[in-house]
Amino acid sequence: MTKIAPETEAEAEDSDFKPLTAQEVHEWRKRNPAVSVWRLVGMQAVAGVLVALVAWAISGEAPVAWSAGYGALAVVLPAALFARGMARQKRAATAGAAMVGFFGWEMVKIALTVAMLAAAPKLVSQLSWLALLVGMVVTMKTYWIALMVRPGVRKTD
């Protein structure tokens, strides 16, 4: 087997890759504990309820609150379906099968979100598209907040 010399400096740096030892992996996992997908979905649901209540408090109108809540539901319901689908296929035979499953469930998630948005005018009376959009955005951004404040993560300065 012949070895090909790296062509660029970046490739030379990549060749210095060193796998982690078992102890290093243990330490990394201790600093970065796994996050439950269901906890993230639950936090999104809580954020959705809160955004609907805030929308109602600010506007004083129930249709605005229902619109914001429906926007949050258009994020939470597909995310929960995606999480359930991925949890059921944990033991994929190959990495390729896992990727196909991931993309398949992601397509289902997107299709359900689009279908829910298309059905919104018929399901929510006096729909406020702005409130629906705010509900969706706030609920989607909950993922990042949940990942940043998850318990057990030590901040390194």
Side-chain angles (χ1 to χ4, degrees), residues 17 19-157:
F17 175 78
L20 297 176
T21 65
Q23 179 63 30
E24 290 170 331
V25 169
H26 177 72
E27 290 297 320
W28 185 88
R29 285 187 178 154
K30 194 174 177 183
R31 285 189 317 269
N32 301 289
V35 178
S36 167
V37 174
W38 295 109
R39 182 177 176 168
L40 292 174
V41 171
M43 289 180 86
Q44 282 186 318
V46 169
V49 170
L50 290 175
V51 78
L53 290 173
V54 168
W56 187 26
I58 290 173
S59 72
E61 298 179 21
V64 173
W66 283 112
S67 298
Y70 189 81
L73 187 65
V75 172
V76 173
L77 189 62
L81 183 64
F82 175 81
R84 177 150 166 52
M86 290 303 295
R88 294 188 76 199
Q89 72 160 28
K90 271 188 178 177
R91 291 176 172 70
T94 64
M99 287 303 293
V100 168
F102 175 82
F103 284 117
W105 281 109
E106 185 65 24
M107 292 302 296
V108 168
K109 180 178 152 184
I110 292 169
L112 180 58
T113 300
V114 169
M116 288 181 73
L117 291 176
K122 292 180 179 157
L123 297 175
V124 181
S125 64
Q126 300 175 1
L127 178 68
S128 166
W129 282 103
L130 179 60
L132 182 138
L133 183 63
V134 169
M136 285 184 70
V137 169
V138 169
T139 306
M140 279 190 270
K141 294 300 179 184
T142 304
Y143 261 115
W144 297 107
I145 295 167
L147 289 172
M148 289 186 335
V149 299
R150 67 186 188 256
V153 176
R154 285 189 250 151
K155 307 291 184 219
T156 55
D157 295 322

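Here the structure is a predicted model, which means the values were calculated and not measured.
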**Report entry** V137: partners by side-chain contact (heavy atoms from CB on, under 4.5 Å), with sequence neighbours left out
**Finding:** L133, K141
Report task. List for me each residue that meets side-chain contact (heavy atoms from CB on, under 4.5 Å) alongside T142, sequence neighbours excluded, and say none if there are none. Result -> M43, Q44, A47
Run the side-chain donor-acceptor check on residues 117-128: report pairs under 3.5 Å with partners two or more places apart or on a different chain.
from, atom 1, to, atom 2, distance (Å)
S128, OG, A131, N, 3.3

Report task. Nearest 0.5 Å please: distance from the OH atom of Y70 over to the CE atom of M136. Result -> 10.0 Å
Report summary line: Heavy atoms of W105 and G85 approach each other most closely as CE2-CA, 3.3 Å
**Report entry** Note, V41 side chain near V76 side chain (heavy atom, < 4.5 Å)
**Finding:** yes
Query raised in the report: Which atom names give the shortest non-hydrogen contact between T139 and A72, and what distance separates them?
Result: OG1-CB, 3.2 Å
Requested in this report: For E61, check salt bridge (Lys or Arg N to Asp or Glu O under 4.0 Å) against everything at least two apart and list the hits.
Outcome: none
Query raised in the report: T21: what forms a side-chain contact (heavy atoms from CB on, under 4.5 Å) with it, not counting sequence neighbours?
Result: Q23, E24
Report task. Applying side-chain contact (heavy atoms from CB on, under 4.5 Å), name anything that partners V114, two or more places apart in sequence or on another chain. Result -> I110
Report summary line: Between the CG atom in L81 and the CE atom in M86, the distance rounded to the nearest 0.5 Å is 12.0 Å
Report summary line: Looking only at heavy atoms, the pair that brings K109 and F82 closest together is CD-CB, 3.8 Å
